[in-house]
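What follows is a set of notes on a single structure, which appears directly below.
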Amino acid sequence: MKLAKTYQPELYEADIYALWEKSGVFAPTEQGEPYSLVVPPPNANGNLHMGHALSFAMQDIAARYHRLKGERVAFIPGADHAGFETQVVFERELEKQGKSRFDYSRESLYEQIYNFVEQNKENFQTQIRKLGASVDWTSYTFTLDDSIVKQAYATFKKMWDENLIYRGERLVNFCTKHGTAFADIEVSYQEEQGKLWKIRYPLSDGSGEIVVATTRPETMLGDTAVAVHPKDNRYVGMVGKTIKLPLTNREIPIIADEYVDIAYGTGAVKITPAHDQNDFEIGQRHDLPSISVIGFDGKLVHSVGDRFRGLSVLEGRESVINALKESGYLVGEEELTHSVGHCYKCGTVIEPLLKEQWFIDIKPLAQTALESIREGEIDFLPESKRTQLERYLENIKDWNISRQIVWGIPIPAFQNEEDPADWIYDERVNQEVITVNNKHYRRDPDVFDTWFSSSSWPYATLGFPDNQAFKDFYPLSLMESGFDLLYPWLSRMIMLGLYVTGEIPFKKVYLHGMITDEQGRKMSKSIGNVTDPMEAIAKFGSDALRIGIVSGQTPGNNQPYVEAKVIGGRNFINKLWNIARYLEGNIESFEDKSVEAYSAIDNWILNRLSTTRNSYQKNMDSYRFSEAYELIYHFIWDDLADWYVEASKSEPNKPLLVSLLKASLVMIHPFAPFVSETIWQTLVLNQDSLLINHPLIDLPKGDRVQSDRFDSIKSLILEIRSLIKATGAAKVKLYYRNEPLVASFATLINQLGGTISVEDGEPGQGVALVASGFSCWLDIDQEAIDHYVTRLEKLISEEQKRTRSLHDRLNNPKYIEQAPENLVSESRAQLNESEQTLENLLDEKMRFSPRQ
RNA sequence: GGGGCUAUAGCUCAGUUGGCUAGAGCGCAGCAUUCACAUUGCUGAGGCCCAUGGUUCGAGUCCAUGUAGCCCCACCA
């Protein structure tokens, strides 16, 4: 035997993957309907987590299935430079060596990170192979590849020319530890306990005062107004007057703005345009100056006398409070809960700081995207994500694409050294200073937000606009991703795709939920509940992991990682393996031969296959992979292994067995690629052939009458088994009378039913098998009769219930009138059958307890 | 405040456009075991499908309200 007793994945997986890769089957074929999907690029520097495993599994199932259907599948892998993420990891490495990013020049740092990523790149590529992902490695793309950079520049240029790019001094979300700004959606907000201080602001003319409430007293040094609501009677006479700002004695105006909530706090708000988004907007409306109090290092830059400057924000806050207390301006403080933005990486409080940045005027792009989405050009699974995306796009804000890090694509913009307002687009980013028209321009030191380049992924990887791949495979057939990327990535791919190519980037979006631990908690290093997919593969095999995470999977819902399901997958794989072993030991030739059905069970299994095959395809086509898997699982385990193989042991129909195995292997292949290909290769089912690109197999349908005969024999066998177990009888004989079907299946019934013999006999012997409707008797011993009667009573009560409910249904004239005819006639047939069974059961009971 | 999701067996979850006796895996109970497979086979127990109301011949499925839990966005002076 070539097949070992149990399937040991570690012996085969690497070789099988290498075989596929070497034979070039991952690349698209020349013929067939195009089917395309591009992998959401994982961080080139990281390890794959369970979410990646799920995502790759879903995509690979789709890709493999469409290959089996004979389509030309483009399944494109890639990696993301993950700008900020990676730089943070690298900075941690530097920290360990007692160094910091500021010890190196920009160029040197870039090079070091580049090498760092290169070294680790192989790691994650190996992991993708271990997952069995059938990606076309020849089209592998990295987000810093020249082609991608060129795309990013082309897109930026197009926006620049069309005035969709602007540079503005805006409030940006700044992490003072990492020294970079973030987009709004990258800020992570947390509820926190804080304090609301009330501060007295005296009017300059001495006619009174206004009390303002604030959670950030340190920013008062940069106040440039106090705002009240125009309809607030308390302050209506003060609007237009000025206030003498405590501590600095600067005079600032009292303004009226609808933004102020009369009911909140004191109804008066200090306005600090340099450190608060709403204040900034009010400042713009009222033409207020902005005074920065906090620097990019998170230290106060403002001083009163020699106080405050150089203090951290928190120290400054305390210091300002003390100063206000000393001078009697602080009139109250209370506790409050508010949400505070943090750096999603290091937890540092995000400071809104004024900074010149590049922005994309995103509204026109969002509008186009909205129209496409509303018109249903993209299918969403689950559908509810469409609505969510629409809401997001309706309220979208301009996109800050500048990042103050080195690990990324340099922004191709240069600033006139003499005229700061004069910016030009130029791609000579490897030069710090360029000369154009005798003027010197200095390169913007910033790089693009990683999402800016990765949002071009669908068309950039395919080589927009001229590559054949783009023409053949755009828009993509499928985009599979975690739902957490709906806003940061999916929305932007749709916007940029439409903007650049004029077409949606993908036709279908499948969004999976997050993988949690078994208690539904997020996997996190600090809780210690993380399961590494590579460990799971080492323990149970790649196929088992795939089955474990895909079965029961539905779009949009979080799912726990349940090891028992992976074990279930492993067990199933072993079952499949052992079916193959059985065939290996009993069949001489695995060549294709024409299939003929001789027996009732041959016809039965062919019908089971055909039914399974149809539903399988329906479910696979609609991305209901879990349903499809369950179908094959039951076909292979229950129908094929437990019934067909068992029943055919005495007289095996060998060509049919071979065909059934082949058909099963093809269908299960997307779910269990390694074991199915291993069996295919080991049994040399066909020299030179690979399972991975074998077409789905259709066998002839079985004869209905023949097939039904086996179904009734099967239910007889089930009844025998059940009865023997229920009565506890041992060594029982089955008798039948005038039952040619039973007679012809006598050997099989005896073998599978667990009797000691099946023979023609006199009616009245033993107890009757009424449920399956044959005139058969089991000669159970006397002690077992009591159990038998109990069981009969249970069956009778169940059957009565059923008869009653069928009666009720058919006695309802509206049901007869309005329900479809086939349902009504089906109900009638069921009632007949049920009444017959009930009668038999009652008769049988009378025989044993006639007095009742 | 706005939007979205979830509630089905002890656990984790399926359940296509409403259709008749609601499924799976694991777990549990019992029985078996020289057979391709103990990563096994066989039998079985276990469910007011969150609640109430509605639509319908018919509701786990559709609608409304409520309860409980979760997520996202906005606000938070």
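For the numbers below, each heavy atom of this structure counts, side chains included, while hydrogens, waters and symmetry mates do not.
- Take the nearest nucleotide of RNA chain B for A/S827 and for A/K397: the residue whose nucleotide is more 5' is A/S827.
- Applying the 3.5 Å distance criterion, the base of B/rU39 shares a donor-acceptor pair with the side chain of A/R570.
- Taking only side-chain nitrogens and oxygens, A/R391 never comes nearer than 4.0 Å to OP1 or OP2 of B/rC73.
- Pairing partner, B/rU40: B/rA32, with both Watson-Crick or wobble hydrogen-bond distances short of 3.5 Å.
- Residue A/V562 is classed as a sugar-phosphate contact, given heavy-atom separations below 4.0 Å to backbone atoms only.
- Counting non-hydrogen atoms of other residues, nucleotides and ligands closer than 6.0 Å to NZ of A/K649 gives a total above 12.
- No contact: A/L486 has no heavy atom under 4.0 Å from any strand.
- Nucleotide B/rU67 has B/rA7 as its partner under the Watson-Crick or G-U criteria, with both atom distances under 3.5 Å.
- A/E630 comes within contact range of the sugar-phosphate backbone alone, with a heavy-atom separation under 4.0 Å but no base atom that close.
- Nearest-nucleotide positions on RNA chain B for A/A641 and A/A564 put A/A564 closer to the 5' end.
- Among the protein residues, A/R216 comes within range of no part of the nucleic acid, since none of its heavy atoms lies under 4.0 Å from any strand.
- Heavy-atom neighbours of A/Q519 CD from other residues, nucleotides or ligands within 6.0 Å: above the threshold of 12.
- B/rC11 and B/rC35: their P atoms are spaced 39 Å apart (whole Å).
- Between the side chain of A/K725 and the base of B/rC42 there is at least one donor-acceptor pair of N/O atoms closer than 3.5 Å.
- Within the 4.0 angstrom heavy-atom criterion, only backbone atoms of the sugar-phosphate kind lie near A/N278; the bases stay farther away.
- For the pair A/K5 NZ and B/rA36 P, the interatomic distance rounds to 11 Å; values are reported in whole Å.
- Across every strand in view, B/rA24 sits in a pair with B/rU12 that passes the Watson-Crick or G-U test at under 3.5 angstrom.
- As rounded to whole Å, 15 Å separates atom P of B/rC37 from atom CD1 of A/I679.
- Among the protein residues, A/L718 comes within range of the sugar-phosphate backbone only, with heavy atoms under 4.0 Å from sugar or phosphate atoms but none that close to a base.
- Across every strand in view, B/rG60 sits unpaired, with no contact that passes the Watson-Crick or G-U test at under 3.5 angstrom.
- Distance check on atom P: B/rG25 versus B/rA14 gives 16 Å, rounded to whole Å.
- Within 4.0 Å of A/W197, counting heavy atoms only, lies no atom of the nucleic acid at all.
- Residue contacts shown for A/K522 are absent, as no nucleic acid heavy atom lies under 4.0 Å away.
- A donor-acceptor pair shorter than 3.5 Å can be found between the side chains of A/H807 and A/E835.
- Using a 4.0 Å heavy-atom criterion, one finds that A/Y259 contacts the sugar-phosphate atoms exclusively.
- Using Watson-Crick or G-U wobble geometry with both donor-acceptor distances under 3.5 Å, B/rG18 finds no partner in any strand shown.
- The partner of B/rU55 cannot be assigned: no Watson-Crick or G-U wobble pair with both contacts below 3.5 Å exists in any strand.
- Contact annotation: A/K794 reaches the phosphate of B/rA45 (side-chain N/O to OP1 or OP2, under 4.0 Å).
- Nucleotides B/rC71 and B/rU65 place their C1' atoms 23 Å apart, quoted to the nearest Å.
- Residue A/K575 is classed as a base contact, given a heavy-atom separation below 4.0 Å to a base.
- Not one N or O on the side chain of A/N529 forms a donor-acceptor pair closer than 3.5 Å with the backbone of A/D517.
- Here, B/rA9 and B/rG60 have their C1' atoms 14 Å apart, quoted to the whole Å.
- The side chain of A/P560 sits closest to B/rU12 out of B/rG44, B/rC73, B/rU12.
- Looking at A/T6 and A/N574, their side chains never bring a donor and an acceptor atom within 3.5 Å of each other.
- Cation-pi geometry between A/K270 and A/Y201 is not met: the NZ or CZ atom fails to fall both under 6.0 Å from the ring centre and inside 45° of the normal.
- If you check every strand for non-hydrogen atoms under 4.0 Å, A/N558 touches nothing.
- Judged by atom type and distance alone, A/Q277 does not reach the base of B/rA74 through any side-chain donor-acceptor pair under 3.5 Å.
- Spacing between atom CZ of A/F483 and atom P of B/rC71 amounts to 10 Å, rounded to whole angstrom units.
- Here the nucleotide nearest the side chain of A/K649, chosen from B/rA36, B/rG25, B/rU39, is B/rA36.
- Atom OH of A/Y487 and atom C1' of B/rC72 are 5 Å apart (whole Å).
- Side chain to side chain, A/T803 and A/S834 meet the donor-acceptor criterion of an N or O pair below 3.5 Å.
- Using a 4.0 Å heavy-atom cutoff across all strands shown, A/D642 reaches sugar-phosphate atoms only and no base atom.
- B/rC5 atom P lies 19 Å from atom NE2 of A/H512, rounded to whole Å.
- For B/rG15 and B/rC31, the C1' atoms lie 32 Å apart once the distance is rounded to whole Å.
- With 3.5 Å as the limit, one finds no donor-acceptor pair spanning the side chains of A/D639 and A/H634.
- Which of B/rG19, B/rU6, B/rA36 sits closest to the side chain of A/P820 comes down to B/rG19.
- B/rA22 and B/rU61 are spaced 11 Å apart, taking the C1' atom of each and rounding to whole Å.
- A/F590 does not carry A/K662 over the face of its six-membered ring by the limits of under 6.0 Å from the centre and within 45° of the normal.
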Inset, instruction - Take A/S772 and A/E719 through the side chain to side chain donor-acceptor pair (under 3.5 Å) test and state the conclusion after the steps. - result: CA-CA 7 Å; A/S772 46; A/E719 193 184 2; 2.5 Å; yes
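- No engagement by A/Q553 is indicated, since no non-hydrogen atom pair under 4.0 Å with the nucleic acid exists.
- Taking every side-chain heavy atom of A/R581 into account, B/rC37 is the closest of B/rC37, B/rC42, B/rC57.
- Taking atom C1' on both B/rG47 and B/rC57, the two are 26 Å apart, rounded to the nearest angstrom.
- Atom CG in A/L806 sits about 17 Å away from atom P in B/rG19, given to the nearest Å.
- Looking at heavy-atom distances under 4.0 Å, A/S722 makes contact with sugar-phosphate atoms alone, never a base.
- The NE2-C1' distance, from A/H634 to B/rA24, rounds to 6 Å in whole Å.
- Across every strand in view, B/rG1 sits in a pair with B/rC73 that passes the Watson-Crick or G-U test at under 3.5 angstrom.
- When both distances must be under 3.5 Å, the Watson-Crick or G-U wobble mate of B/rG46 does not exist.
- Only the P atoms considered, B/rG46 is 23 Å distant from B/rG41, to the nearest whole Å.
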